[in-house]
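Some notes on the structure that comes next.
In the text below, chain A, chain B and the rest are named by the order of the sequence lines, each starting its count at 1. Just so it is clear, the values below take in all heavy atoms, side chains as well, and ignore hydrogens, waters and symmetry mates.
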Amino acid sequence: MAESLGSLKRTHNCAQLRVEDIEKEVILTGWVQRRRDHGGVIFIDLRDREGITQVVFNPEENSEVHEKAHGIRSEYVLAVKGQVVNRLEGTVNPNLPTGAIEILVSELKILNEAKTPPFMIEDGIDIAENLRLKYRYLDLRRPSVAKGFVMRHRVSTAVRAFLNGQGFLDLETPMLTKSTPEGARDYLVPSRVNPGAFYALPQSPQLFKQMLMVSGFDRYYQIVKCFRDEDLRSDRQPEFTQIDMELSFVDREDVMSLTEAMMKHIFREVLDVDFKESFPVMTYEEAERRFGLDKPDIRFGLEHIDLSGMMKGCGFKVFADVASKGGLVKAINVKGGATFSRKDLDDLTSYVGNYGAKGMAWIKVTESEWQSPIVKFFNDDEIGQIAEKTGAEVGDLLLFGADKPAVVNESLGMLRNELARRLGLVDKGTYSFLWVTDFPLLEFDGQAKRHVAIHHPFTAPLDEDMHLLDSEPGKARSKAYDLVLNGSEIGGGSIRIHQQELQQKIFELLHISEEEASSKFGFLLDALQYGAPPHGGLALGLDRIVMIMSGADSIRDVITFPKTQKASCLMTEAPSTVEPEQLTELNLALNLPKKETT
RNA sequence: GGGGCCGUAGUUCAGUUUUGGUUAGAACGCCUGCCUGUCACGCAGGAGGUCGCGGGUUCGAGUCCCGUCGGCCCCGCCA
């Protein structure tokens, strides 16, 4: 039977005691990691959040307590009182920080018993993820899992310390808010008091933080949950946490340098990593041209080489056609890649197929020849140009993409990352930040047949591109900036529009009617007329940052109770159906699709 | 919505293809007993299976076929 704690208040945690503490009377509490019962003496490894200490039950010292200890099993919860003693010579455990001492127990309380857990509570074992998630509270007891959450705490602590020191106010914004047309799908919450009306959970506190700038709070931050009802990925959960910031009277260099200082502070505090240099800054155009992606991993080379110019009118019709019709022909020179097998090349071809590439041409540069299915189409002059532009040398592998620019850039951009993984070009534990700036303001949505905002509709255009809004809005660039870490987008922001006329003009360009703008964003347009200061800000993905810093493969590893790919929680079994009365009260009726019967 | 991988003792897996066939194995864990210096304790013994679920083919299905549920990775979606 479980006992109450009584007077056994712990004096130390399970990672604390050392040789200096010998002869002290201490009380430890924790879980039973392992029991080694020798019939006579019994050893128990007692575990808490901090570590493990060996406790000993010796029948010659205390037979009553020793007898009681026979019933102890894995994961029982104990409080033990005893003396810190030196371990006998030759029995010191060098693998344990507390391995030089042990606790000779004089009093034992079994605070709780435990069923045999569905998996062993220890590191270095393989457990199916669905089992881990169902018993997440047990999974979180494993030291390597818990480690990520300790780091997460240290990151958010460092963020708060830094921003508090810079004069930021931590202000909360509503979780029950208004559904907005642009952006991701909203999570909706029905209003009981207002039949037929719904709140939306915030995709981010974007408009509220802008309102706070109009209010004159000047510098705001919040570590806040955001919600997006879109499909999940290993780095995407439906609810996630942003470090959300907004500042008044700033331009983008101010926001970027402050963010940079904060990231450096975090890495110094948490990982003891110092960044001496400023983070590199690259325009969107340069990122796409050199790496094919707007979030390039710049820890390795394999840069894209644009061959579109020389391919116009070349002997290989596929390339010539693409090049002359405004498409892109790009190559990557994989140094030493001539050793790739036919299967490697097939794998890579199907890999780029994921991103819309219809094929992938290749040339192996060997001692004797250019080995390739396409080399026969080129004349000597063309081969010479390819060699010169790509810097091809014996032993290299040239990979080609030719298609619409978007397809070539994305497929070769992702291919570049995949090649780096295969070739082992990146070490875990290296960190490389990059700012990407000068994004296009708008993007044409072929389906909706209108322009949509790349960042969001409140992003200011570059001053020098303002004149393009009337003539060629698609060419206007914005005051938006993204922060990239190791090829992952970890944050982004912009200088906002603080003038009502410009905001209205952007809504017009986005084909958001006056009525819609006024019904969805009326409060913003109003506020901009009451002395809105110039302002801008940024939001960072806390989960992604901690994931990268802790070396985790998935964002789930740094979220205490994450959801599966079908957005369900295996522990609570959310989401679930509700009682009909609850629906009635909300004036809701279900309209489920009928199951196909065949 | 689409593509791929996976589902067998509590857990991790083998067995499934190429050959459908008696009683589905291993390791760890668990239980019982023994054991006074272990730390992955040791020794002896034992229990434990809806082969994800449903249907079909067959004399016979873990194995073949169809459907379905669930987990993971990716595309679409999402900044």
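Partner assigned to rA40(B) is none, using Watson-Crick or G-U wobble distances below 3.5 angstrom. rC35(B): no Watson-Crick or G-U partner with both key distances under 3.5 Å is found in any strand. Shown here, rC5(B) forms a base pair with rG71(B); the pair counts as Watson-Crick or G-U wobble because both key distances fall under 3.5 Å. Nucleotide rU16(B) is matched to nothing when pairs are restricted to Watson-Crick or G-U wobble geometry with both distances under 3.5 angstrom.
Note on Arg236(A): every side-chain N or O is 4.0 Å or more away from OP1 and OP2 of rC77(B). Residue Lys566(A) has no polar side-chain atom (N or O) positioned under 4.0 Å from OP1 or OP2 of rG71(B). The side chain of Ser74(A) contributes an N or O atom lying less than 4.0 Å from OP1 or OP2 of rC30(B). The side chain of Arg34(A) places an N or O atom within less than 4.0 Å of a non-bridging phosphate oxygen (OP1 or OP2) of rC41(B). For rG71(B), one of the phosphate oxygens OP1 or OP2 lies less than 4.0 angstrom from a side-chain nitrogen or oxygen of Thr564(A). OP1 or OP2 of rG71(B) has at least one side-chain nitrogen or oxygen of Ser568(A) nearer than 4.0 Å. Note on Arg36(A): every side-chain N or O is 4.0 Å or more away from OP1 and OP2 of rU38(B). When the side-chain nitrogen and oxygen atoms of Gln54(A) are compared with OP1 and OP2 of rU38(B), none of them lie within a distance under 4.0 Å.
Using a 4.0 Å heavy-atom cutoff across all strands shown, Glu418(A) reaches no nucleic acid atom at all. Within the nucleic acid shown, Arg233(A) comes within 4.0 Å of at least one base atom, counting heavy atoms only. Looking at heavy-atom distances under 4.0 Å, Arg556(A) makes contact with sugar-phosphate atoms alone, never a base. Within the nucleic acid shown, Gly90(A) has no heavy atom closer than 4.0 Å to any nucleic acid atom. If you check every strand for non-hydrogen atoms under 4.0 Å, Arg87(A) touches a base. Nucleic acid contact for Asp231(A): base, since at least one base atom lies under 4.0 Å from a heavy atom of the residue.
In the region residues 60-72 of chain A, proximity to RNA chain B at under 4.0 angstrom, judged on heavy atoms, holds for Glu60(A).
To the nearest 0.5 Å, the span separating CG on Leu425(A) from CG on Asn417(A) amounts to 10.5 Å.
With both ends at atom C1', the span from rC30(B) to rU12(B) equals 15 Å, rounded to whole Å. Comparing rC31(B) with rC74(B), their C1' atoms sit 45 Å apart, to the nearest whole Å. Comparing the same atom, C1', in rU32(B) and in rA24(B) gives a spacing of 26 Å after rounding to whole Å. Nucleotides rC69(B) and rA27(B) are separated by 30 Å at their C1' atoms, to the nearest Å. If you take atom P in rG62(B) and the same atom in rG52(B), they sit 10 Å apart, rounded to whole Å. As rounded to the nearest Å, rU23(B) and rG33(B) have P atoms that lie 35 Å from one another.
Sequence order on RNA chain B of the closest nucleotides to Tyr355(A) and Arg228(A) puts Tyr355(A) first from the 5' end. Taking for each of Leu88(A) and Pro118(A) the nucleotide of RNA chain B with the nearest heavy atom, the 5'-most of the two is the partner of Pro118(A).
Judged by centroid separation below 5.5 Å and plane tilt below 30°, His38(A) stacks onto the base of rC41(B). Stacking between Phe43(A) and the base of rU38(B) is present: ring centres sit under 5.5 Å apart and the planes differ by under 30 degrees.
One interatomic measurement links the two molecules: CZ of Arg35(A) to C1' of rU32(B), which rounds to 11 Å at whole-angstrom precision. Straight-line distance from the CZ atom of Arg185(A) to the C1' atom of rC77(B): 7 Å, rounded to whole Å. The separation between Leu96(A) atom CG and rC41(B) atom C1' is 15 Å, rounded to whole Å. Put simply, CD on Gln237(A) is 14 Å from C1' on rG71(B), counting in whole angstrom units. We find that CG of Asp186(A) is positioned 18 Å from P of rC77(B), with the value rounded to whole Å. Across the protein-nucleic acid pair, Phe240(A) atom CZ and rA79(B) atom C1' stand 9 Å apart, rounded to whole Å. What separates OH of Tyr351(A) from C1' of rG4(B) is a distance of 14 Å, to the nearest Å. One can place CG of Asp37(A) at 14 Å from C1' of rC43(B), the figure rounded to the nearest angstrom.
Side-chain atoms of Glu230(A) lie closest to rC78(B) of the nucleotides rA79(B), rC74(B), rC78(B). The side chain of Met120(A) lies closest to rG29(B) when the candidates are rC74(B), rG29(B), rG37(B). Distances were taken from every side-chain heavy atom of Val41(A) (C-beta onward) to each of rU36(B), rG29(B), rC74(B); the shortest belongs to rU36(B). The side chain of Thr116(A) has rC30(B) as its nearest neighbour among rC30(B), rA79(B), rC74(B).
Under 3.5 Å, the side chains of Ser341(A) and Asp344(A) contain a donor-acceptor pair of N or O atoms.
Residue pairs meeting the salt bridge (Lys or Arg N to Asp or Glu O under 4.0 Å) criterion with at least one member in residues 50-71 of chain A, sequence neighbours excluded, are Glu3(A)-Lys68(A). Applying the salt bridge (Lys or Arg N to Asp or Glu O under 4.0 Å) test to pairs two or more places apart or on separate chains, those with a residue in residues 285-296 of chain A are Glu285(A)-Arg289(A), Glu286(A)-Arg290(A), Arg290(A)-Glu303(A).
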Requested in this report: Carefully, step by step, assess Phe57(A) and His70(A) under the rule ring-ring contact (aromatic ring centres under 6.0 Å, His included).
Outcome: CA-CA 9 Å; Phe57(A) 299 88; His70(A) 270 299; 9.5 Å; no

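Contact check on Asp297(A) versus Arg421(A) returns no salt bridge, with no Lys/Arg side-chain nitrogen under 4.0 Å from an Asp/Glu carboxylate oxygen. Using a 4.0 Å cut-off between a side-chain N of Lys or Arg and a carboxylate O of Asp or Glu, Asp231(A) and Arg236(A) do not qualify as a salt bridge. Between Glu573(A) and Lys134(A) there is no salt bridge, since no side-chain nitrogen of the basic residue lies less than 4.0 Å from a carboxylate oxygen of the acidic one. A salt bridge links Asp139(A) with Arg136(A): at least one charged nitrogen is closer than 4.0 Å to a carboxylate oxygen.
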Could you go over nucleotides 12-15 of chain B and give all protein N or O partners under 3.5 Å, atom names and distances?
residue, atom, partner, partner atom, Å
rU12(B), OP1, Ala128(A), N, 2.6

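Without hydrogens or angle criteria, Glu75(A) side chain to Lys115(A) main chain gives no donor-acceptor distance under 3.5 Å. Side-chain atoms of Lys428(A) come within 3.5 Å of backbone N or O of Gly551(A) as a donor-acceptor pair.
Partners of Arg556(A) by salt bridge (charged side-chain N to carboxylate O under 4.0 Å, His left out), not counting sequence neighbours, listed by chain and number: Glu129(A). Remark: Tyr355(A) engages Tyr351(A) in a ring-ring contact (aromatic ring centres under 6.0 Å, His included) (not counting sequence neighbours).
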